[in-house]
Amino acid sequence: MFALLDGNNFYVSCERVFRPCLKGRPVVVLSNNDGCAVARSEEAKALGIKMGEPYFRIRHLHEQAGLVALSANFPLYGDMSDRMMSLASALGPEQEVYSIDECFVGLDGVPDVTRRAWAIRQRILSGIGIPTCIGIAPSKTLAKLANHVAKDAARKPGSYPAELSHVCNFAELPPGQLRGLLEATPVGEVWGVGRRIGARLQAMGITSAADLADADLVFLRSNFSVVLERTALELRGTPCHELELEPPAKQQIACTRSFGKPVTELEPLVQAVTTFAQRAAEKLRAQHLRAGMVYVFAHSSPFRPDDPRFARSASVPLVEPSSDTSVLAEVAEQAIRRIYEPGYRLAKAGVMLLDLSPCTQKQGSLSFEIIQPQRDRSALMEVVDGLNKRFGRGVVSIGSTQSTGGWGMRQERKTPAYTTDIRSIPVAR
DNA sequence: TCTGGGGTCCTAGGACCC
DNA sequence: TCTGGGGTCCTAGGACCC
């Protein structure tokens, strides 16, 4: 058995903990650059605000309906998440933290599950101030669905039986009731069925979760994929997905941003991309990984069809994997200079680090790095990352090989960072 | 004027091999 | 007209998730 616990309207709930005056009011939390709404209170949803709705389209609701829009505070949400996960882990012997606001809990051997779930929910509510819902079922997909029932039963009276509000355990429903719940749930609400597949299923007459559970497995696999076949199996109560207790090793690390205003000049673009590479390199070292490939892209706005279209990228393989900020930033800079062409209004750019491998370099010895400055400086950089994390981003930085100072580590690399002349790197369009 | 960011997995199709 | 049969590896693109 699995439980799925998640925080309701998580970012908004976090903000309300520290600003109780926001309770009962329509509130949204905005993405980076205050571009669009990424979390909505129930009151904001009731105003018709959709997930991802651009802020400029809902701004008028401040005057009309008292909408409060907040800039996201991700360090706060991360901290609240850690506390919530810690309390949630008491629900069962095993926990998979699935995202910032939800976790699966393995329930093998847990007695009296429903009562325990209520207790955990209350502990999180009174201890941290975050309201949660908990779904319990024999597969992850069904636990997700039970969680959906728990939420809608609470916030949309009449959608599901009221006694399933907040905590919904599929395993102890009276006979036949699960079937009714599946029939009452649109297929698009099922975990793993998105907009596209949902529309195709609808067109085939598969409109509810029950229809999908009943669908022919061979048909699903041949017309869609093995993924949807597994989803149908999970809806029947056959688990196909186990808990992932160890987070799997990352395959890519990205830092990408939309620009507040369109970027047309090269130098601000280089500035941005260099910063992205630095941030990505920090994340890379936090995972003790090195990258074998740097991917850089930039594109114009897809929302402005009248602008000349620009979408280019370049992948640069490194001679040897690196987690060195100066190497990765330099490669990224060369790549963006290669991609750039004047005459376009660029809306977004980013750096991705690919081909990741574990860092075998000895970690954590600052003096080692200073004595042997020719070595990969990842250990030094991890120290710098730690200082920045503790005392605020940017308090310490390392000079690049071109700059003076920077821990007195002017150094020349014996081999170039990337394979060939950057001009030979193909640009994808 | 203004439209998020960061991930994963699967599949089809081409290149290549014996 | 018919034009081997399988296997692997890689990549691009599509779909999903929060």
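Since the model is a prediction, treat every value here as computed from it, not as a measurement. Just so we're on the same page: letters track the sequence lines, and every chain starts at 1.
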Inset, instruction - List the protein contact pattern of nucleotides 12-18 of chain C with one symbol per nucleotide (5' to 3'): B for base contact, S for sugar-phosphate-only contact, - for none; contact means a heavy-atom distance under 4.0 Å. - result: ---SSSS
Legend entry - Base versus backbone protein contacts along nucleotides 3-11 of chain B [heavy-atom cut-off under 4.0 Å; B, S, -]: BBSSSBSSS
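Between C:dC17 and B:dG4, the two C1' atoms lie 15 Å apart (nearest whole Å).
Side chain of A:T185 to main chain of A:L181: a donor-acceptor pair is present (N/O by atom type, distance under 3.5 Å, no hydrogens or angles). Remark: the backbone N or O of A:F219 is paired with a side-chain donor or acceptor of A:N223 at under 3.5 angstrom. Using modelled atom types, no side-chain atom of A:S322 and backbone atom of A:L318 make a donor-acceptor pair closer than 3.5 Å.
A side-chain N or O of A:N169 and one of A:T114 form a donor-acceptor pair less than 3.5 Å apart. Counted by atom type alone, A:T207 and A:D211 present one or more donor-acceptor pairs between their side chains at under 3.5 Å.
For A:Y98, the ring-ring contact (aromatic ring centres under 6.0 Å, His included) partners are A:F104, A:W191, not counting sequence neighbours. With sequence neighbours left out, A:F56 forms a ring-ring contact (aromatic ring centres under 6.0 Å, His included) with no residue at all. A:F224 meets the ring-ring contact (aromatic ring centres under 6.0 Å, His included) test with no other residue; sequence neighbours excluded.
The two residues A:I49 and A:A37 have their closest heavy-atom pair at CG2-CB, 4.4 Å.
Contact check on A:E267 versus A:R337 returns a salt bridge, with a Lys/Arg side-chain nitrogen under 4.0 Å from an Asp/Glu carboxylate oxygen.
Counting only Watson-Crick or G-U wobble pairs whose defining distances are both under 3.5 Å, the stems of 3 or more consecutive pairs in DNA chain B are B:5-18 with C:5-18.
Note on A:P247: nothing from the nucleic acid sits closer than 4.0 angstrom, heavy atoms only.
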